2 protein chains.
Amino acid sequence: MLKLSKKIEYGIQALQYMANNSGSVISAKEISEQLNIPYEFLSKTLQILNKNGIIISQQGIKGGYILARDPKSTTVAEIIKALEENAIIVDCLSNDQENCDRINFCTIKNPMNKLQEKINFLLNNTTIAEFSEV
Amino acid sequence: MLKLSKKIEYGIQALQYMANNSGSVISAKEISEQLNIPYEFLSKTLQILNKNGIIISQQGIKGGYILARDPKSTTVAEIIKALEENAIIVDCLSNDQENCDRINFCTIKNPMNKLQEKINFLLNNTTIAEFSEV
DNA sequence: TTAATTCGGATAACAATAGTCCGATTTTTA
DNA sequence: TAAAAATCGGACTATTGTTATCCGAATTAA
Ligand code: FES
Ligand code: FES
């Protein structure tokens, strides 16, 4: 398993949709219907993206969301972080793992870290804009 | 989430251990104790690696495992595959997903595939040998 | 023949993901 | 000013996937 969650997948596709319709405020309902994504789940996802500055919400009737920034400057890595997930390939490389019961036996931290950094590079260099230019 | 499973993590570390002790047959028990990995779970993992040609088993007392190939030629991608998992970042890119109910709405296949290929390149170019030269 | 090991199938415990429900709040507009 | 359509937020449920364990059988060296 090395899979992005549905939250991230839906989030990216929704941002892509907004990028392709920039200028107008897009509702969760519209995205949900156009992309066939479960409405309630998508709503939650967009709320988190809003809370963390990736998109801007407008409440009330006629409300919805718009991108907070240029699609070129919003990376997949930022989206993952904004959705309160991480892209750490082994627990080993996590910050809050003082309680790993294998830490004194760990022989993979360094090599795994090298691989991690390469993956991070990819995630940091893939932007929403690249999803728009289909 | 973009995490490797414990099966893969343990598998890689076990292979690394074998690479560092090449020449001798290593039992699951020894690896389990040396690396503090749950014995039964590790056993299963090694059995799968054996079945799929990454290591060679020797049964009976004094039995255990040795690497089937040069650590330099065993990649992380192969290990993942041998452990019957995959490293597909979104379902979209999977072979057996005729039943994705978003396929007619899918706008992420191409860009996701580009990212996938870059990740595949990393996994195909990281070998067990690199884990040994700590 | 015994002991230490792999083998293989089933199953259980746990955790994470995915999805839903519902009431409250906001804001436009008729 | 009331209604409608949207976001907000918390709790909750369902489902799936991961991790771990159990146990009996087969294998083989001593
Ligand atoms: S620190 Fe726990 S396995 Fe590396
Ligand atoms: S094919 Fe199902 S989301 Fe791309």
Side-chain angles (χ1 to χ4, degrees), chain A residues 1-11 13-14 18 24-33 36-52 54-66 80 83-91 94 97 99-102, chain B residues 1-11 13-14 18 24-33 36-52 54-66 80 83-91 94 97 99-102:
Chain A
M1 276 299 161
L2 196 75
K3 193 180 298 195
L4 296 169
S5 68
K6 286 293 173 190
K7 201 158 68 177
I8 293 170
E9 182 181 326
Y10 295 161
Q13 200 175 358
M18 291 185 221
S24 38
V25 173
I26 317 273
S27 71
K29 182 151 174 277
E30 174 178 346
I31 299 175
S32 156
E33 284 170 356
N36 208 34
I37 295 172
Y39 170 72
E40 300 279 2
F41 193 69
L42 177 65
S43 293
K44 275 281 170 299
T45 304
L46 296 177
Q47 283 167 33
I48 302 173
L49 287 174
N50 169 56
K51 195 178 73 178
N52 291 300
I54 302 293
I55 56 182
I56 294 168
S57 75
Q58 182 184 325
Q59 290 198 35
I61 195 170
K62 291 276 178 187
Y65 302 92
I66 55 170
I80 294 174
L83 287 173
E84 291 155 3
E85 298 199 10
N86 59 41
I88 292 176
I89 57 173
V90 284
D91 291 336
S94 163
Q97 50 88 236
N99 48 0
C100 171
D101 54 5
R102 280 167 57 237
Chain B
M1 276 301 160
L2 197 73
K3 194 180 299 194
L4 296 169
S5 69
K6 287 291 173 192
K7 201 157 68 177
I8 293 171
E9 181 181 327
Y10 296 161
Q13 200 176 359
M18 290 184 221
S24 38
V25 172
I26 318 275
S27 72
K29 182 152 173 278
E30 174 178 348
I31 299 174
S32 156
E33 284 169 356
N36 209 34
I37 295 173
Y39 170 72
E40 300 278 2
F41 192 70
L42 177 65
S43 294
K44 275 282 171 297
T45 304
L46 296 177
Q47 283 167 33
I48 302 173
L49 287 174
N50 170 55
K51 195 178 72 176
N52 292 299
I54 303 293
I55 56 182
I56 294 168
S57 75
Q58 182 184 326
Q59 290 199 35
I61 195 170
K62 292 276 179 185
Y65 302 91
I66 55 169
I80 294 173
L83 287 173
E84 290 155 3
E85 298 200 8
N86 59 41
I88 292 177
I89 58 173
V90 285
D91 291 335
S94 163
Q97 51 87 237
N99 47 2
C100 172
D101 55 4
R102 278 167 58 237

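The sequence lines fix the lettering, A, B, ..., with proteins before strands; numbering per chain opens at 1. Here the structure is a predicted model, which is why all the values come from computation and not from measurement.
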Rounded interatomic separation in angstrom, taking [atom1] from [X] and [atom2] from [N]:
X	N	atom1	atom2	result
B:I61	C:dT6	CD1	P	11 Å
A:L4	C:dA18	CG	C1'	15 Å
B:I31	C:dT6	CD1	C1'	13 Å
B:E84	C:dG8	CD	C1'	13 Å

5' priority, DNA chain D, between B:E85 and A:A28 [closest heavy atom]: A:A28
Should B:S57 be listed as having a side-chain N or O under 4.0 Å from OP1 or OP2 of C:dC7? yes
From CD1 (A:I89) to CD (B:E9), nearest 0.5 Å: 9.5 Å
Hey, could you give me the CD1/CD1 distance between B:I80 and B:I8, rounded to the nearest 0.5 Å? 4.5 Å
Closest heavy-atom pair and its distance - A:I66, A:S24: CG2-O, 3.4 Å
Partner residues of [X] under the side chain to side chain donor-acceptor pair (under 3.5 Å) criterion, sequence neighbours left out:
X	answer
B:K7	none
A:S5	A:E85
A:K51	A:E84

Taking 5' to 3' order, which nucleotide of DNA chain D is first and which is last to have an atom within less than 4.0 Å of a heavy atom in chain A? D:dA4 to D:dT18
N/O-N/O pairs, protein side and nucleotides 19-25 of chain C side, under 3.5 Å:
unit_1: C:dG19; atom_1: OP2; unit_2: A:Y10; atom_2: OH; d: 3.0

Just so I know, are the side chains of A:I54 and A:L83 near enough to count as touching, which here means a heavy-atom distance under 4.5 Å? no
For B:Y65, give me all partners under ring pair (Phe, Tyr, Trp, His ring centres under 6.0 Å), at least two apart in sequence or on another chain. none
